[in-house]
Number of protein chains: 2
Amino acid sequence: MLTERQLLILQVIIDDFILTAQPVGSRSIAKKDAVTFSSATIRNEMADLEEMGYIEKTHSSSGRVPSEKGYRFYVDHLLAPLRLSNKEIMTIREAFDDKMLEFERVVQKSAGILSDLTNYTSIILGPEVFETKLKQLQIVPLNDQSAIAILVTNTGHVEHRAFNVPVEINSSNLEKMVNILNSRLQGVPLVKLHEKLHTEISDLLKTHTDQHEQAFSYLQAALLDDHSTKLYIGGKTNILMQPEFRDLDKVRSLYATIEQENDIADLLRSGEEGINVRIGQENPFDAMQNCSLITASYKLSNNQIGTIALLGPTRMEYNRMFSLMNVLSKHMTETFKGWY
Amino acid sequence: MLTERQLLILQVIIDDFILTAQPVGSRSIAKKDAVTFSSATIRNEMADLEEMGYIEKTHSSSGRVPSEKGYRFYVDHLLAPLRLSNKEIMTIREAFDDKMLEFERVVQKSAGILSDLTNYTSIILGPEVFETKLKQLQIVPLNDQSAIAILVTNTGHVEHRAFNVPVEINSSNLEKMVNILNSRLQGVPLVKLHEKLHTEISDLLKTHTDQHEQAFSYLQAALLDDHSTKLYIGGKTNILMQPEFRDLDKVRSLYATIEQENDIADLLRSGEEGINVRIGQENPFDAMQNCSLITASYKLSNNQIGTIALLGPTRMEYNRMFSLMNVLSKHMTETFKGWY
DNA sequence: TTTAGCACTCACTTTCTTCGAGTGCTAACA
DNA sequence: TGTTAGCACTCGAAGAAAGTGAGTGCTAAA
């Protein structure tokens, strides 16, 4: 168990290191007002803290640097919740002031705010799709050969896809088809669209339209694209600002990792409700060994859960980040409340 | 005027430097098969070429490096059109094989290909919007309070915007409105929508629907967003691969420049039809002083013109780039042919 | 238990050296 | 007259040597 004094010293070391990115020496700790004992005492305590694994030296005569265990302890026990500055609060409030009614917009904007306020990289994961249901299908003919299929979901999400209309299909046939599809598919979850199309609708279409084969396959191609959950990333280039990423190779491999959207999405999904932190090695990817990932969940009205995340070096301003993400996720949840 | 031999030497220097990014010395030039004279002769010729401003030294005893004037001359007079490799040709062809029918898709994909094949950053500018006309409006009610307005243009572009439906407006009113709007606005250029709404439609709506004011302002907000031309950027992180961007500050300022989308769009627009190159100082932005920007135009069926561009260091593989962009812009033009 | 004092360590910086690729110039050669 | 061999010279890059200072651990005294 750590003594009061050790806690204090650990706190000072981590706070200082987060601020300066420089190893912290005993003398500079002794200078703090809150610290009443001498540098020699601090050295002794630091030796103990190091033995317990909370801090490390970069070389034998260097100051101390928090270890991952140290950060973990800091996050779990030492975090003093920080009051956000007025400016920060205002920025967020203003952003949510102009009533946004589309999920994408809200999320885009949130990602932007988050990365701007933090100088880290923000990643936002939309909610799972399986609850999303088809609201309406529309087909807008552009000309003789092509038309646009538009799909609207109950969440207000719009997808569209242009497709070729084979000459054999006339517009009345097309209209019929859309009517049938709408009457039968409204309310069907997107993920089940494919199945449903195959089992039920196929027959129905056959009886009502000529050239069902063609029409069917074209529509299918147009509508069954991928409805996979999207990742919204903001401030990708903020990574370059961090001194721990002076090394271009590291930047490159981190970028490569981030570009594996599916893996990242899985990672974000794997957090529990509320705020989570993954520090260094706790992250599954090699390129993220020097990074921390903070995730927070937000809720949609149907109790589905999405995730916002911040990616930065392990030396992160955890307390400010916690407050920010808390406020932001609350704003998001609030915004989405009663939407569908 | 340059002699044959000087041309050869200049060519070798630039080709070599483009390949290796290292200053080129007289000995390494003398080793080339095409070069039959000694390094001393080459040194004399190089002194002349330097005097004329085509090449430079990085320091008093270094090999030579092409100057911007050198690159300009190279691009204007020495460029041997390169046959693309089969792999490159196949990559492009395959990408365009699966019939894409949406502008965005084609452009996205093109930007992706271009940056992947080149390791530079690709930027694609859509065509001007003033020819784009409204094809159809649709309103899909989501629930009592909100609905989605969908706007389809003759180019197959789809925009949508959710908006609040005030309780006073019932769905039959909404429907009426949409009908009126559609009948009067079809074929109207997007840029004139605003004006038209004000002058003609406003009155019409008044006579046909109650609560016209409300409805009107809501729809307006929903539909008249910004239809500005979008920029599609691919391979932004490729910049990090180039040895001339080892310096993070340069990268940062270049990124900052690229993020000024309007400026970049203007820059792309300013090129003439066909392929253009801007080398170093020929670019208007400070951060692009060490960069070259190659632009090429593609055509839409209505003879509107869009631009694809490649951003890289002045030490660019110009000949390969020219061939690639030629092929790509042709593919794009071909794809768009007869679309609307 | 705390602290002053001191020897020691080691990254960083600066200075100096060495090395070699490359130059320009000169003189001889075809 | 144009070309080339030869040679002294330049200068960056890489490495070695020396100095600096922030930091440590240990010891002994308060």
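All values below were derived from every heavy atom in this structure, side-chain atoms included, with hydrogens, water molecules and symmetry-related copies excluded.
- Rounding to the nearest 0.5 Å gives a distance of 5.0 Å between CZ of B:R64 and NZ of B:K57.
- The side chain to side chain contact (heavy atoms under 4.5 Å, CB included) test with B:L293 is passed by exactly one of B:N276, B:L268, B:V277, B:I264: B:L268.
- Two residues are said to be in side-chain contact when any heavy atoms from C-beta on lie closer than 4.5 Å; B:L267 and B:M288 meet this criterion.
- Heavy atoms only, all atoms of each residue included: A:L10 and A:Y54 are closest at CD1-CB, 4.0 Å.
- Rounding to the nearest 0.5 angstrom, the gap separating the CG atom in A:L117 from the CD1 atom in A:I92 is 5.5 Å.
- Taking 4.5 Å as the limit, some side-chain heavy atom of A:I13 sits within range of a side-chain heavy atom of A:I9.
- Within the model, atoms OG of B:S39 and NZ of B:K31 stand 10.0 Å from one another, a figure rounded to the nearest 0.5 Å.
- In summary, contact between chain A and DNA chain C, defined as any nucleotide atom under 4.0 Å from a heavy atom of the protein, begins and ends at C:dT2 to C:dA11 in the 5' to 3' direction.
- Here D:dA22 presents its P atom at 13 Å from CD of A:Q22, a figure rounded to the nearest Å.
- Between the CZ atom of B:R43 and the P atom of D:dT10 there is a distance of 16 Å, given to the nearest Å.
- Inter-residue side-chain proximity for A:L231 and A:E261 is flagged as met; some heavy-atom pair is nearer than 4.5 Å.
- Within residues 54-70 of chain A, the residues that have a heavy atom under 4.0 Å from DNA chain D are, in order of number, A:K57, A:S61, A:S62, A:G63, A:R64.
- Atoms CD1 (B:I42) and C1' (D:dA5) sit 14 Å apart, rounded to a whole Å.
- Near DNA chain C, meaning a heavy atom under 4.0 Å away, there are no residues from residues 9-17 of chain B.
- A salt bridge links B:K236 with B:E259: the distance from a Lys NZ or Arg NE/NH1/NH2 to an Asp or Glu carboxylate oxygen falls below 4.0 Å.
- Between A:P23 and A:A40, the residue anchored nearer the 5' end of DNA chain D, judged by the nucleotide with its closest heavy atom, is A:P23.
- Looking only at distances, no side-chain donor or acceptor of B:S28 sits under 3.5 Å from a matching main-chain atom of B:V24.
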